[in-house]
Asker: 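The following block contains the structure, expressed as structure tokens.
These figures come from a predicted structure and were not determined experimentally.
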Amino acid sequence: MRVITGTARGRVLKTLEGDDVRPTTDRVKEAIFSIIQFEIEGRQVLDMFAGSGQLGIEALSRGAAYATFTDMSKDSVAIVKQNLLSTGLHRNSAVLQTDAVTFLKNYKKKFDIIFMDPPYSKGILQAALPYAVDSVNDGGVIVCEHPYGEEMPKDVGRFSIYREYKYGKLAITVYRIREGEDE
């Protein structure tokens, strides 16, 4: 697993081993960053359920101003920190070991881009999504990775599904503020 482009291009990222670990494939990662390519520069990013931190690290490498990484796993938090150090992107980041919903309920800062890639088919994504929409700046975007066929809510607060993409057994659902809902 490598950083695709930007200041850390080609750097190898570490990931945890095991059946519970499911890093985003390069193909899907490239697709995600094609979708939001003009929205990254200077932005505030939240990489929830970070795992190895590859989505937030990719955003930082491409010019995001700051990335916050959250994961409940102590081991994942350690891997994210190692990857940030090895890419030289640690100065523009924070890594927190915390539950996603608790974090979103208590953190007052807003983000421009939120990546959500939780453990699959456990309802975690659907439970965290209502809190995530309250943590996104106007004009921001939420990018969710989930198994293809998993039901995603059409509308969440002022946000609705903007586009859905299928990549084999995976799907990417992108949420944006509904037209006419801008403040």
Side-chain angles (χ1 to χ4, degrees), residues 1-15 22-71 80 83-84 86-95 100 104 109-118 125 128-129 132-133 135-148 150 152 154 156-183:
M1 181 172 49
R2 295 179 183 274
V3 178
I4 297 169
T5 195
T7 60
R9 180 181 181 169
R11 295 281 171 85
V12 175
L13 301 176
K14 293 181 180 180
T15 188
R22 181 194 29 75
T24 300
T25 65
D26 284 347
R27 177 178 170 227
V28 173
K29 184 166 59 169
E30 284 187 46
I32 288 170
F33 283 93
S34 288
I35 295 164
I36 62 169
Q37 65 183 325
F38 301 113
E39 301 174 67
I40 301 168
E41 187 79 29
R43 301 295 201 263
Q44 300 290 318
V45 174
L46 173 60
D47 186 348
M48 296 179 63
F49 316 100
S52 65
Q54 71 166 320
L55 295 177
I57 289 170
E58 187 72 38
L60 285 170
S61 181
R62 292 172 183 240
Y66 199 85
T68 302
F69 299 82
T70 67
D71 203 294
V80 172
N83 286 334
L84 285 164
S86 73
T87 57
L89 298 169
H90 59 283
R91 287 178 205 82
N92 298 333
S93 66
V95 184
L104 291 170
K109 179 179 170 183
K110 298 251 183 184
F111 300 94
D112 301 300
I113 301 167
I114 297 180
F115 297 112
M116 300 179 74
D117 183 13
L125 182 57
L129 201 50
V133 299
S135 298
V136 180
N137 288 318
D138 289 347
V141 61
I142 301 171
V143 180
C144 303
E145 182 178 331
H146 55 91
Y148 179 74
E150 182 174 57
M152 295 297 293
K154 182 180 181 229
V156 184
R158 297 184 309 143
F159 283 70
S160 62
I161 293 175
Y162 174 73
R163 290 239 167 84
E164 295 177 285
Y165 305 86
K166 181 181 183 288
Y167 301 95
K169 295 180 180 182
L170 298 178
I172 301 297
T173 301
V174 178
Y175 286 89
R176 296 185 185 277
I177 290 179
R178 284 187 297 276
E179 269 189 49
E181 294 280 335
D182 294 336
E183 293 185 316

Asker: Between the side chain of D47 and the main-chain N/O of F69, is any donor-acceptor distance below 3.5 Å?
Answerer: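 Side chain of D47 to backbone of F69, a donor-acceptor pair under 3.5 Å: no, none is there.
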Asker: Could you measure the distance from the OG atom of S160 to the NZ atom of K154? Nearest 0.5 Å is fine.
Answerer: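 S160 OG to K154 NZ: 7.0 Å, rounded to 0.5 Å.
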Asker: Applying ring-ring contact (aromatic ring centres under 6.0 Å, His included), name anything that partners F115, two or more places apart in sequence or on another chain.
Answerer: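 With neighbours one apart ignored, the set is F33.
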Asker: Is the shortest side-chain heavy-atom distance between R11 and I57 below 4.5 Å?
Answerer: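 They are not in side-chain contact.
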Asker: Could you tell me the separation between the CD1 atom of I172 and the NZ atom of K29, rounded to the nearest 0.5 Å?
Answerer: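 Going from the CD1 atom of I172 to the NZ atom of K29 covers 12.5 Å.
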Asker: Compare every heavy atom of M116 with every heavy atom of I142, then report the nearest pair and how far apart it is.
Answerer: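 It is CG2-SD, 3.7 Å.
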Asker: Find the distance between CD (E150) and OG1 (T173) and round it off to the nearest 0.5 Å.
Answerer: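 Reported value, rounded in 0.5 Å steps: 8.5 Å.
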Asker: Between S61 (side chain) and A8 (backbone), is there a donor-acceptor pair under 3.5 Å?
Answerer: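 Yes, because the side chain of S61 sits within donor-acceptor range (under 3.5 Å) of the backbone of A8.
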Asker: Indicate yes or no: at least one non-hydrogen side-chain atom of L84 is less than 4.5 angstrom from one of R91.
Answerer: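 Answer no - side chains too far apart.
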Asker: Side-chain contact, heavy-atom cut-off 4.5 Å: E145 with T24?
Answerer: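 Yes; the side chains approach each other to less than 4.5 Å.
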Asker: Could you tell me whether the side chain of L129 reaches within less than 4.5 Å of the side chain of Y175, counting heavy atoms only?
Answerer: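 SC-SC contact between Y175 and L129 confirmed.
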Asker: If we ignore hydrogens and angles and just use 3.5 Å, is the side chain of E39 paired with the main-chain N or O of I113 as donor and acceptor?
Answerer: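 Between the backbone of I113 and the side chain of E39 there is no qualifying donor-acceptor contact (under 3.5 Å).
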Asker: Report the C-alpha separation of D71 and V80 in whole Å, then their side-chain angles, then the decisive distance to 0.1 Å, and conclude whether the side-chain contact (heavy atoms from CB on, under 4.5 Å) test is met.
Answerer: CA-CA 9 Å; D71 203 294; V80 172; 5.9 Å; no
Asker: Would you confirm whether K110, through its side chain, and Q44, through its main-chain N or O, come within 3.5 Å as a donor-acceptor pair?
Answerer: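 Answer holds: no.
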Asker: Taking all non-hydrogen atoms of both residues into account, name the closest pair between A67 and G56 and its distance.
Answerer: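 Distance-wise, the nearest heavy atoms are CB-O, 4.2 Å.
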Asker: Could you walk me through whether M152 and L125 pass side-chain contact (heavy atoms from CB on, under 4.5 Å), step by step?
Answerer: CA-CA 9 Å; M152 295 297 293; L125 182 57; 3.4 Å; yes
Asker: I'd like to check the side-chain contact (heavy atoms from CB on, under 4.5 Å) partners of A171; sequence neighbours left out, ordered by chain and number.
Answerer: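 Expected list: H146, Y148.
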Asker: In terms of heavy-atom contacts, does NZ of K169 have more than 12 from other residues, nucleotides or ligands at under 6.0 Å?
Answerer: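 No, NZ of K169 has 12 or fewer neighbouring heavy atoms, counting only those of other groups under 6.0 Å.
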Asker: Could you pull out the closest heavy-atom pair between V136 and D112, with the gap in Å?
Answerer: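 For V136 and D112, the tightest heavy-atom pair comes out as CG1-O, 4.3 Å.
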Asker: Does any non-hydrogen side-chain atom of L60 lie less than 4.5 Å from one of V45?
Answerer: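 No, every pair of side-chain atoms sits at 4.5 Å or beyond.
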Asker: Can you name the nearest heavy-atom pair linking N92 to A65, along with the distance?
Answerer: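 Looking at all heavy atoms of both residues, the shortest contact is CB-O, 3.4 Å.
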Asker: When rounded to the nearest 0.5 angstrom, what distance separates CG in L55 from CD1 in I114?
Answerer: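 Reported to 0.5 Å precision, the distance equals 13.0 Å.
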Asker: Taking all atoms of both residues into account, what is the closest heavy-atom pair of A128 and M48, and its distance?
Answerer: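 Closest approach of A128 to M48: CB-CE, 4.4 Å.
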Asker: So, R178 side chain and F159 main chain: donor-acceptor pair closer than 3.5 Å or not?
Answerer: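 Indeed, once roles are kept as given, a pair shorter than 3.5 Å links the two residues.
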Asker: Using 0.5 Å steps for rounding, measure from the CG atom of D26 to the CE atom of M1.
Answerer: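 Output value for this atom pair is 8.5 Å.
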Asker: Is there a side-chain contact between T70 and L104, using heavy atoms and a 4.5 Å cut-off?
Answerer: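 They are not in contact (no side-chain heavy atoms under 4.5 Å apart), so the answer is no.
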Asker: Measure across Y167 and A31 and return the closest heavy-atom pair with its distance rounded to 0.1 Å.
Answerer: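 Of all heavy-atom pairs spanning Y167 and A31, the closest is OH-CB, 3.1 Å.
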Asker: So, applying side-chain contact (heavy atoms from CB on, under 4.5 Å) with I4, which one of R62, Q54, R9 is it?
Answerer: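 Among R62, Q54, R9, the one meeting side-chain contact (heavy atoms from CB on, under 4.5 Å) with I4 is R62.
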Asker: Distance-only, no hydrogens or angles: does the R43 side chain make a donor-acceptor pair with backbone N or O of A64 under 3.5 Å?
Answerer: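 Not at all, since once roles are kept as given, no pair shorter than 3.5 Å links the two residues.
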Asker: When you look at I36 and V143, which way does the side-chain contact (heavy atoms from CB on, under 4.5 Å) test go after all the steps?
Answerer: CA-CA 9 Å; I36 62 169; V143 180; 4.3 Å; yes
Asker: Tell me whether N83 contacts the main-chain N or O of L13 through its side chain, where contact means a donor paired with an acceptor under 3.5 Å.
Answerer: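 Not confirmed, N83 side chain does not pair with L13 backbone.
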Asker: Could you walk me through whether T68 and K109 pass the side-chain contact (heavy atoms from CB on, under 4.5 Å) check?
Answerer: CA-CA 10 Å; T68 302; K109 179 179 170 183; 4.2 Å; yes
